[in-house]
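The shown structure was predicted, so the numbers you read here are calculated from the model rather than taken from an experiment.
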Amino acid sequence: AYLGGEATNSGVTAFAGVYASGSGGIKVVSGVCDQVLGHLARLGQDTRYGVTASGNLTIKFSPEYLKVALDDIAEEAGVELLFHCQVIGAKTEGTRLLSIECADDSGRFEVEAGAFVDASGDANLAFLSQAPTVWGNHQGQTQVATLSARIDQIDKDADISPSAVEKAILKAKSDGMKHLTKEKGYILR
């Protein structure tokens, strides 16, 4: 229903990697990132970086403002957005992807283009077009999955350091919470 992926859909409310960690603020990402930050600033959002408990330099944002900024950027670029739409098939000729089959509330339709970008996060288009894929690195190792949650009413003076989070998780496990599988995490204000 909107652009932004994990940033607008899953509560990942900080851009990490725009500034090099431990660099004192050396900006290493530009281009579209600058467009997004510029739109957020015009919407009244603070786009300065802060340093997290883990030492990363991140830019925090509101997912709702990011949705508006991304819509504005797409509209300015003349992008035709197909919200509430899924890719359900692909037509190939040899190794060339010719078209994709999509479905929305109106039914199925085909989209032809000279190039496609699989931004699903799950290689869905690659799979549907039978392109060769690799799971993880050459040893099959993958990045650890993360889960974000938005929590309200945390006292402003509460200790939310990584060590305090770990201590709380370990205590919960020792008190009988059986389904906690990790011991570490961190909280961003």
| message | Please give the remaining members of the hydrophobic cluster of Phe127, linking ILVMFWY side chains under 4.5 Å, ordered by chain and number. | response |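 So far as hydrophobic clustering goes, Phe127 is joined with Leu82, Val87, Leu97, Ile100, Phe109, Val111, Phe116, Leu125, Leu128.
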| query | Other hydrophobic cluster members with Tyr2, side-chain heavy atoms of Ile/Leu/Val/Met/Phe/Trp/Tyr under 4.5 Å, chained? | reply |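 Grouped by the 4.5 Å side-chain rule, Tyr2 forms a cluster of one, so the answer is none.
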Could you tell me which non-hydrogen atom of [X] sits nearest to which non-hydrogen atom of [Y], and how far apart they are?
X	Y	result
Ala41	Thr47	N-CG2, 3.9 Å
Asp118	Ala126	OD2-N, 3.0 Å
Pro63	Ala7	CB-O, 3.8 Å
Leu81	Ala74	CD1-CB, 4.0 Å
Gly114	Arg96	O-NH1, 4.0 Å
His39	Ala69	CB-CB, 3.6 Å

[atom1]-[atom2] distance between [X] and [Y], expressed to the nearest 0.5 angstrom:
X	Y	atom1	atom2	value
Arg108	Ile88	CZ	CD1	4.0 Å
Thr13	Lys60	OG1	NZ	8.0 Å
Lys91	Glu93	NZ	CD	10.0 Å
His179	Thr181	NE2	OG1	11.0 Å
Thr58	Phe15	OG1	CZ	11.0 Å
Leu170	Asp175	CG	CG	11.0 Å

Going only through I, L, V, M, F, W and Y residues with side-chain contacts under 4.5 Å, is there a path from [X] to [Y]?
X	Y	result
Val117	Leu70	no
Val32	Val68	yes
Val36	Leu43	yes

Whether over 12 other heavy atoms sit under 6.0 Å from [X] [atom1]:
X	atom1	answer
Glu110	CD	yes
Glu80	CD	no
Lys27	NZ	yes

| task | Please test Val18 against Leu57 for side-chain contact (heavy atoms from CB on, under 4.5 Å), starting from the C-alpha separation and ending with a verdict. | result | CA-CA 8 Å; Val18 175; Leu57 281 68; over 6 Å; no
| field | Ser161 and Asp159: side chain donor to acceptor below 3.5 Å | value | yes
| request: State, yes or no, whether a side-chain contact exists between Ile59 and Tyr19 at a heavy-atom distance under 4.5 Å. | output: yes
| said: Is there a side-chain contact between Leu3 and Phe83 in this structure, where contact means two heavy atoms from C-beta onward sitting under 4.5 Å apart? | reply: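 Yes; the side chains approach each other to less than 4.5 Å.
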| message | What verdict does the side-chain contact (heavy atoms from CB on, under 4.5 Å) test give for Thr92 and Gln130, after you've listed the backbone C-alpha separation in whole Å, the side-chain angles of each residue and the deciding distance to 0.1 Å? | response | CA-CA 9 Å; Thr92 60; Gln130 300 177 347; 5.6 Å; no
| query | Looking at residues at least two apart in the chain, or sitting in another chain, which of them share a salt bridge (charged side-chain N to carboxylate O under 4.0 Å, His left out) with Glu183? | reply | Lys173
